[in-house]
Amino acid sequence: MSTAETGSSRVKRGLAEMLKGGVIMDVVTPEQARIAEDAGAVAVMALERVPADIRAQGGVARMSDPDLIEAIIAEVSIPVMAKARIGHFVEAQVLQALDVDYIDESEVLSPADYVNHIDKWAFNTPFVCGATNLGEALRRINEGAAMIRSKGEAGTGDVSEATKHIRKITSEINMLRSMTKDELYVAAKELQAPYELVAEVAETGKLPVVLFTAGGVATPADAAMMMQLGADGVFVGSGIFKSGNPQARAAAVVKATTFYDDPSVIADVSRGLGEAMVGINVGDLAAPHRLAERGW
Amino acid sequence: MNTNLRSESLGPADAASTGPRVGVLALQGDFREHARVLSGLGADVSLVRRPNELAALDGLVIPGGESTVMDKLSRAYGLAEPLKAAIADGLPVYGTCAGLIMLADTLLDAIADQQSLGGLDVVVRRNAFGSQNQSFETDLDVPALGGEPVHAVFIRGPVVESVGPAATPLASLADGRVVAVEQGNLLGTSFHPEITGEHRFHEYFLEKAGRRAAAARTP
């Protein structure tokens, strides 16, 4: 009998496989984590501030206080994720030491390195990274990301960027599928992604890791649309706890994600949820405030 | 049809299969991986999210995923009681990870108000190994399947803390903890054969479903 191996690609990617069809919710307190778990979240993202507040308050956004992360881990039994700044491998080392279940190398925080992302192969804890297109997704996977989320525009409640990014990724995958082998070499060059990964996507028609959607999802119908567009699941950041009735909205988004192709269920769960989060139209954001443009 | 929309094709055997009719509980989790393995083995596979989709099945798989979510949704959408009735009626059911939790009679480290469907006379502890950093893969001897060891992937997996008289352990870790059990037509594993290319557990389950199908279709 062989010995047990932790931290393998299969183990890292495997956790994301188990999250599929589910909703991962941003939480800033143990009480919110409890509400999320009770509403049927598959995992929570432990943060000090949700993206809407990071956006409103400005300044440098960093990894959360370890006490907060540990308090949230202690509160719930579902997986707990936490964010490190892009390129900040020491924040990631700290999150691994805190025993979080997934590390999000996230554009929602202020980047710590404008050239390099974290070498994610060096970690036992799996990483999820954002992407706005297929090339970016494959570069993150090449660096060791075990899960991808399309970026959207976090903290806006405007789902249009999430739509744009998931459509971009799926349409680029569809284009690869139709290419001949010789065309794939050029595609790899144009996507700025390793040929082996490009060829694998062309062959299988999907990313080699799970693909969630994030950034601006605020309603059950938003979540269901992302699922119909091909997402394996959704992240909801500010959309739940910046709304009028977080318990009801969280449970409704969970149900709409499972029954994403059944408009009668989505109609039913969308009733009487109270105020959605106050949104910001992405078009009104000045370029420096567009988080999706962080990371490359 | 919008080609961006998700395809629900379940694999090569999709339309023409004459194998046993097997449902995969599709509330959340890696149900498509199970569906692909089962279709590849010749089963006639469908996804189950509503009570009427349980009708006329010869077997059911409860996938990996988050057991708290499956429990909540199965109760909210009226699946839990029909599932319990089907289990009591002898429907072959195979649960992996969260699916094993759903099949256990008794849970440890469940969240408040979490319920299982039951059926397996075992006590199962959720997240028995700790956080994702302790998730692992290893080889297991499974005498009931014969031949080579099973390569098993444990992802924040549960363990069977105690096995009651009605259930039989099928595999244990080196430290003796039970990670696969069988009881009549019910089968549960702490690990995920659906993501490793290991098909023997699914074949073993399909033999049960096939016998059920044969019995049901004999006049």
With a 4.5 angstrom heavy-atom cut-off, which part of [X] approaches chain A: side chain, backbone, both or neither?
X      : value
B:I195 : both
B:A76  : side chain
B:T196 : both

Give me the atom names and distance for the closest heavy-atom approach of [X] to [Y].
X      : Y      : result
B:S135 : A:V11  : CB-CG1, 3.4 Å
A:P126 : B:Q132 : CD-CG, 3.5 Å
B:V69  : A:G40  : CG2-O, 3.1 Å
B:E66  : A:P79  : OE1-CD, 3.8 Å

Below 4.0 angstrom, N of the basic side chain to O of the carboxylate: do [X] and [Y] qualify?
X      : Y      : answer
A:D262 : B:R49  : no
B:R32  : A:D232 : no
A:D101 : B:R156 : yes

CD on A:E37 to CD1 on B:I111, rounded to 0.5 Å: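 The CD1 atom of B:I111 sits 4.5 Å away from the CD atom of A:E37.
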Interatomic distance, A:E17 atom CD to B:I155 atom CD1 [nearest 0.5 angstrom]: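 The CD atom of A:E17 sits 8.0 Å away from the CD1 atom of B:I155.
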A:K20 vs B:F31 side-chain heavy atoms within contact, under 4.5 Å: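 A:K20 does not reach B:F31 side chain to side chain.
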Non-hydrogen side-chain atoms of A:F123 and B:N133 separated by less than 4.5 Å: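 No, their side chains stay 4.5 Å or more apart.
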Listed once per pair and sorted, the ring-ring contact (aromatic ring centres under 6.0 Å, His included) pairs that draw on residues 102-140 of chain B, sequence neighbours left out: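 Output for this query lists B:F129-B:F136, B:F129-B:F154, B:F136-B:F154.
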Side-chain H-bond candidate by donor/acceptor type, A:S77 with B:R126, under 3.5 Å: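 A donor-acceptor contact under 3.5 Å links the two side chains.
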Under 4.5 Å from any heavy atom of chain B - which part of A:V265: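 Only the side chain of A:V265 comes within 4.5 Å of chain B.
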Interface moiety of A:A43 toward chain B, non-hydrogen atoms closer than 4.5 Å: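 Looking at A:A43, nothing touches chain B.
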Chain B contact residues among residues 250-258 of chain A, heavy-atom distance under 4.5 Å: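 Within residues 250-258 of chain A, near chain B: A:V254, A:K255, A:T258.
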Within 6.0 angstrom of B:K208 NZ, more than 12 heavy atoms from elsewhere: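 Atom NZ in B:K208 is crowded, with more than 12 foreign heavy atoms closer than 6.0 Å.
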Heavy atoms from other residues, nucleotides or ligands near NZ of A:K168 exceed 12 (cutoff 6.0 Å):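 Incorrect, the count does not exceed 12.
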Among B:Q114, B:K72, B:E33, B:H192, residue most engaged with chain A (heavy-atom pairs, under 4.5 Å):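 Among the listed options, the one with the most contacts to chain A is B:K72.
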